[in-house]
Amino acid sequence: MTGLRHARVLLPERVFAARVKPAYTGAMRAVWKKIRYRLEWLGLKSATKFIPLLSRKACYRLALFLGSLGAVLDRRGRRVALSNLHVVFGDEISAEGRAQIVRESYQHFARTMLDFFWSPRLTSQNFARYVEFENRQRWDEEDTRPGKPVIVGCYHYSNFEWLSIVSAFAGLEGVVIAQQFKNPLLDPIFSKLRQRSGHRVAPRKGAVMHLYRALRRGERFALLVDLTISAKLPSVAIKCFGLERCVTFAHVWLHQRTGAPLINVHCEPLPGGRYRVVFHPRIEFPASASLQEMAQACWDQFEPVVRKNPGPWLWMYKHWRYRPLAAKLAAYPFYANLSQDFERRLDEGARKLPPMTSKVKLPRT
């Protein structure tokens, strides 16, 4: 009886605790989230004030140091990068060589971020000290004068932020898509820096139709097209280094709808913290090309750049989130998973179906 009385007394307390604990935990998480967001904002706001005070050489050296440090401390990212390099290059590159590329990748990303915050020091009068152009005539040869729409395909290679900024200083201003952070306090900081050279930042929500209207008005826009997106979202499957992945098809859909020329542009590093912006030839598509084939042609023009100098690409990013059902497990990075939506994107590419129309299903196991 004594035990039973204790059970009757303790049971309501346990039920009460079970009800209160999640609410308490949720409230604490919300409070911590606000504090963390404020700290992130304070850190980036401080960076916008402090980094422009550095000399160009000091900024460059600091980025190399922070990149090297990141390659050591970011164990998860380093594991992803090494796995990506292994499936792409195999025995072509030794283990030591892959480790060196990972370190360089972190350093280039650190340079991109620090240079981005240093960019208020750039002006239309001095940017040529730090950035040069290659094959600029390819742009000038096209009908790309003001009032004529152009689609620019960009890649997360080397200093993609400066590519955008200096292009606007050189008279190639246009529309760029705003990156939306989980922390909304950071968006105004990045948007202000990206617009200072003459670009106009468009919101990500409803971006495709916004860009369509911009092209119809004769504007230009640039889009980063090399990162994997969810197979559940509007996307197409292409082969990247022989491995299937999902990417956006917004740039080729807009080209198809408007007839605006599509020109790939990338940025590559030079010694001493300088850069070169490289213009590729205008991409010509056969009349019968599907959106998948057009997106593939855009990547195919850029892949040799990465093969020649892999260090500046974002190898720590999960480029291959999905693994085809028919592929061998070892052919893809460790983090790649099977996905019914991805199988549908593959089916659309194989049968030249419009994106997001396939209904195939994974077989039951």
Side-chain angles (χ1 to χ4, degrees), residues 30-74 77 103-132 154 156-170 172-204 222 224 267 269-275 277 312 314 316-317:
V31 171
W32 168 241
K33 186 177 181 179
K34 288 183 179 180
I35 295 173
R36 179 166 55 85
Y37 279 5
R38 282 291 177 182
L39 290 174
E40 291 173 351
W41 174 85
L42 181 61
L44 285 183
K45 197 68 176 177
S46 299
T48 62
K49 303 296 183 182
F50 168 71
I51 293 177
L53 300 177
L54 298 175
S55 68
R56 186 75 197 110
K57 184 179 292 186
C59 183
Y60 173 65
R61 290 177 175 174
L62 178 60
L64 294 182
F65 169 75
L66 293 178
S68 298
L69 189 63
V72 174
L73 297 180
D74 184 17
R103 182 164 55 254
E104 290 175 4
S105 186
Y106 274 91
Q107 288 176 331
H108 283 292
F109 183 69
R111 285 178 59 182
T112 298
M113 291 298 98
L114 263 69
D115 285 349
F116 181 62
F117 290 113
W118 194 87
S119 64
R121 296 277 295 272
L122 293 175
T123 67
S124 57
Q125 289 75 40
N126 72 4
F127 77 89
R129 299 180 197 169
Y130 311 108
V131 183
E132 64 186 51
C154 303
H156 287 85
Y157 188 83
S158 187
N159 200 332
F160 50 89
E161 293 286 2
W162 270 27
L163 183 157
S164 173
I165 292 170
V166 301
S167 294
F169 279 138
L172 309 180
E173 67 279 353
V175 182
V176 294
I177 301 299
Q179 179 181 357
Q180 291 180 317
F181 294 90
K182 291 182 179 179
N183 181 352
L185 298 176
L186 307 184
D187 291 327
I189 296 175
F190 280 79
S191 294
K192 182 179 179 180
L193 289 171
R194 287 173 177 148
Q195 290 183 104
R196 61 176 302 275
S197 61
H199 287 310
R200 180 169 62 85
V201 174
R204 184 170 291 276
L224 290 159
C267 180
L270 295 174
R274 298 182 68 254
Y275 298 97
V277 172
L314 286 179
M316 66 288 287
Y317 182 80

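Excluded from the calculations below are hydrogen atoms, water molecules and symmetry mates; all remaining heavy atoms, backbone and side chain alike, are included. If you're wondering where the values come from, they're calculated on a predicted model, not measured in any experiment. Nothing fancy with the numbering, it's 1 onward along the sequence.
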Donor-acceptor contact below 3.5 Å, side chain His199 vs main chain Val175: no

Kindly give the heavy-atom pair with the smallest separation between Thr112 and Glu161, and that separation in Å. CG2-CG, 3.9 Å

Trp41 versus Leu185, closest heavy-atom pair with distance: CD1-O, 3.5 Å

Inspect the surroundings of OH in Tyr157 and state if more than 12 heavy atoms from other residues, nucleotides or ligands are less than 6.0 Å away. yes

Identify the two heavy atoms, one from Val201 and one from Arg194, that lie closest to each other, and give their separation to 0.1 Å. CG2-CB, 4.3 Å

For the atom pair OH (Tyr317) and OG (Ser105), what is the distance rounded to the nearest 0.5 Å? 13.5 Å

Verify, without hydrogens or angle tests, whether Arg121 (side chain) and Pro52 (backbone) share a donor-acceptor contact under 3.5 angstrom. yes

Would the number of heavy atoms belonging to other residues, nucleotides or ligands and lying under 6.0 Å from CZ of Arg274 be above 12? yes

Determine whether Gln195 and Val176 satisfy the following criterion, side-chain contact (heavy atoms from CB on, under 4.5 Å), listing intermediate values before the conclusion. CA-CA 9 Å; Gln195 290 183 104; Val176 294; over 6 Å; no

Salt-bridge present (Glu173, Arg200; N to O < 4.0 Å): no

Measure the spacing between CZ of Phe181 and CD1 of Ile189 and express it to the nearest 0.5 Å. 9.0 Å

Verify the ring-centre separation between Phe117 and Phe50: is it less than 6.0 angstrom? no

What pairs meet the side chain to side chain donor-acceptor pair (under 3.5 Å) rule with one or both residues in residues 50-74, with sequence neighbours excluded? Arg56-Asp115, Ser68-Gln107, Asp74-Tyr106

Taken in chain and number order and not counting sequence neighbours, the residues that satisfy side chain to side chain donor-acceptor pair (under 3.5 Å) with Glu40 are Arg36, Asn183

Nearest non-hydrogen partners of Pro120 and Leu193, listed with the distance: CG-CD2, 3.8 Å

For Cys267 and Leu163, the nearest pair of non-hydrogen atoms, with its separation, is N-CD1, 3.4 Å

Donor-acceptor check, side chain of His156 to backbone of Leu224, threshold 3.5 angstrom: yes or no? no

Side chain to side chain donor-acceptor pair (under 3.5 Å) partners of Arg103, counting only residues at least two apart: Gln100

Do you know which two heavy atoms are closest between Arg111 and Asn159, and how far apart they sit? O-ND2, 4.2 Å

Distance in Å, Leu186 CG paired with Phe190 CZ, rounded so as to fall on 0.5 Å steps: 6.5 Å

Nearest 0.5 Å, what's the CH2-SG distance between Trp118 and Cys59? 7.0 Å

Measuring from Ile51:CD1 to Ser119:OG, what's the distance to the nearest 0.5 Å? 10.0 Å

So that I know where these two stand, are Phe169 and Trp162 an aromatic pair - ring centroids less than 6.0 Å apart? no

Rounded to the nearest 0.5 Å, what separates atom CZ in Phe116 from atom CG in Leu122? 11.5 Å

